[in-house]
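What follows is a set of notes on a single structure, which appears directly below.
Order of appearance sets the numbers: ligands from 1, and atoms from 1 within every ligand.
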Amino acid sequence: MNYHVSSRFTPTTRIILARIFLISCVLLLGALPAAAQTTDVTGFWVLNVPTGDGNIIKTFFDLKQAGEQVTGTAYIRYGKATIGEGSFSGGKLHLGVILSPLNPQRRAFYDGTFEGDKLRLTVHFPNRDVAFGFAERTTPDAVAPPPRLPLPELHDVPDSGLALAPPMGWNSWNKFHRSIDDVTVRGIADAMVASGMRDVGYIYINIDDTWEGPRDAQGNITGNLKFPNMKGLADYVHSKGLKIGLYSSPGPQTCAGYEGSYGHEQQDARTYAAWGFDYLKYDWCSASRVYNKTEVQAVYQKMGDALLSTGRPMIFSLCEYGWDDVWKWGAKVGGNLWRTTGDINDHWDKMDEIGFSQFDIASYTQAGHWNDPDMLEIGNGGMTADEYRTHMSLWSLLAAPLLAGNDLRTMTEETKSILMNTEVIAIDQDPEAHPVKKISEQGHLVVAARPLMHQTWAVGLFNRGDAAAKVSVTWKDLGLHGKLQVRDLWAHKDLGKVADQFSAEVPSHGVVLITVKH
Ligand code: GLA
């Protein structure tokens with residue numbers, strides 16, 4: 001057929017046709033950048049991953065390809081991370097991004113192939129559902145921070161008079177992370193009442209990260225598809241005799257990559273007040289993109305002033321992981337509580353590390369202004385009952401906020417007995433707000449005590465070791481003497497009058513918590 005057709009042309013026509021063919025080939029090759037992209041991924045990329053709630057999380061990559069090897073940098077939630085392993089081979093891209101320099105084996109993996117001139121990537125983060133997205137080429141200015149806005153001069157924000165005792169309630173993050181929505185929050189509020197938690201003092205229902213949607217045409221923050229009616233939700237929670245809290249960041253994005261309040265602080269505070277919110281957790285996250293660490297105080301002061309100016313009482317919870325000795329200035333910016341450490345998790349090692357590192361700064365607590373060693377993990381399943389009793393005892397001795405972090409709808413009786421031990425809660429909430437003191441530390445054995453009202457002492461005998469051990473305290477160590485009445489707060493038992501000292505066999509990772517009085 002081809003022969004037949006070509007044989008109809010004259011030799012001159014054939015030469016012209018051959019030239020046209022050759023020129024077309026050259027032009028076609030030049031017009032094929034997509035083909036070039038399939039052999040070299042060098043350059044800047046933005047990966048858009050839809051979250052399913054109407055948001056898109058952006059991750060940027062600055063890639064360099066040499067042969068089949070790919071190296072470079074990832075910008076995950078605007079923190080820079082090194083690509084620890086990377087290849088582009090047989091049309092397949094593989095990237096392993098080091099999530100923490102302290103633990104280089106903990107990686108996020110991105111794998112995929114070209115579809116047209118985009119890369120379709122599968123995203124595997126440790127302990128998270130697999131996600132998908134498309135990456136397209138972009139320019140380096142895509143990761144540039146937004147223009148810097150001026151910060152206010154430092155001054156003392158007037159005291160709101162809130163949180164005279166450490167806040168008690170619940171927060172969504174520890175159990176639900178991103179999988180939190182309106183229906184679940186309402187269910188938790190119901191369970192807070194039905195379980196009796198509300199009646200022993202747990203009042204705040206706090207929505208953590210991932211409620212945020214885009215801003216509307218006037219720049220007002222909105223809830224996302226998981227939270228279609230923030231005011232309606234607040235009304236519902238209030239109708240249960242509870243209060244409600246939410247979360248934001250002074251940076252352009254929150255830690256989960258959602259909309260932060262940068263440049264909208266005043267406007268957002270007004271929105272929270274208009275919705276009827278009672279509590280804001282304000283998490284530094286991407287604020288490092290626009291501010292440096294020496295400016296933390298001014299950054300938090302800005303929101304402290306904004307909250308106060310709304311006229312609605314809102315607890316202000318600072319979350320900047322203890323930087324710049326926040327316990328020394330948190331109260332000045334209107335903070336009612338401030339995180340003193342990085343994130344807790346549901347494992348003994350982390351809870352133990354955080355909890356027992358807090359004694360030196362305990363004296364910075366005062367009524368209305370509390371150290372926050374992070375939310376409770378009790379009932380989440382990663383620790384034993386003894387370990388959870390240590391968690392609850394330690395947090396109460398520290399006068400820490402008691403924010404349950406478990407699913408209140410499905411609590412076991414054991415979890416309830418720990419979270420709702422009113423004798424332990426009373427230590428946490430003691431109106432005199434005296435700080436705890438470490439009385440002794442011998443190897444893994446720690447004794448800590450806190451003076452309470454009515455000349456009572458709360459004493460925790462802790463065993464951080466791996467085997468049961470005897471732990472003792474003398475009355476002299478507490479500045480007391482004679483025979484004292486002892487009550488065991490986990491056994492709910494009076495132990496009678498005891499002279500000079502008290503000893504108990506304490507299980508591994510466990511506690512015996514007593515009160516002592518004349
Ligand atoms: C940070 C905070 C956590 C939690 C998450 C949400 O890690 O420290 O408590 O709020 O962000 O993204």
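- Each of the atoms 12 (O) of ligand 1 lies under 4.0 Å from some heavy atom of A256.
- Applying the 4.0 Å criterion to heavy atoms of K281 picks out, from ligand 1, the atoms 3 (C), 4 (C), 9 (O), 10 (O).
- Between the E85 side chain and the F109 main chain, no donor and acceptor come within less than 3.5 Å of each other.
- Judged by distance alone, the side chain of N336 and the main-chain N or O of G368 form a donor-acceptor pair under 3.5 Å.
- Every atom of ligand 1 with a heavy atom of Y321 under 4.0 Å away is listed here by number and element: 8 (O).
- The existence of a salt bridge linking D352 and R464 is confirmed by a sub-4.0 Å separation between a basic side-chain nitrogen and an acidic carboxylate oxygen.
- The heavy atom nearest to atom 3 (C) of ligand 1, out of those in D374, D343, N171, is found in D343.
- The nearest heavy-atom contact from the protein to atom 10 (O) of ligand 1 is D208 OD1, 2.6 Å.
- Ranking the protein heavy atoms by distance from atom 5 (C) of ligand 1 puts W173 CE2, 3.6 Å first.
- For R339 and D374, the salt-bridge test passes: some basic side-chain N is under 4.0 Å from an acidic carboxylate O.
- Using a 4.0 Å cut-off between a side-chain N of Lys or Arg and a carboxylate O of Asp or Glu, D268 and R215 qualify as a salt bridge.
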Inset, instruction - Under the side-chain contact (heavy atoms from CB on, under 4.5 Å) rule, what do F176 and D407 come out as? Steps first, then yes or no, please. - result: CA-CA 8 Å; F176 294 95; D407 188 345; 3.7 Å; yes
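- Distances from ligand 1 to the non-hydrogen atoms of D283 include at least one value under 4.0 Å.
- The residues K281 and D208 are annotated as salt-bridged, a charged nitrogen and a carboxylate oxygen being separated by less than 4.0 angstrom.
- Looking at D209 next to ligand 1, an N or O pair under 3.5 Å apart turns up.
- Heavy atoms of C319 found under 4.0 angstrom from ligand 1 belong exclusively to the side chain.
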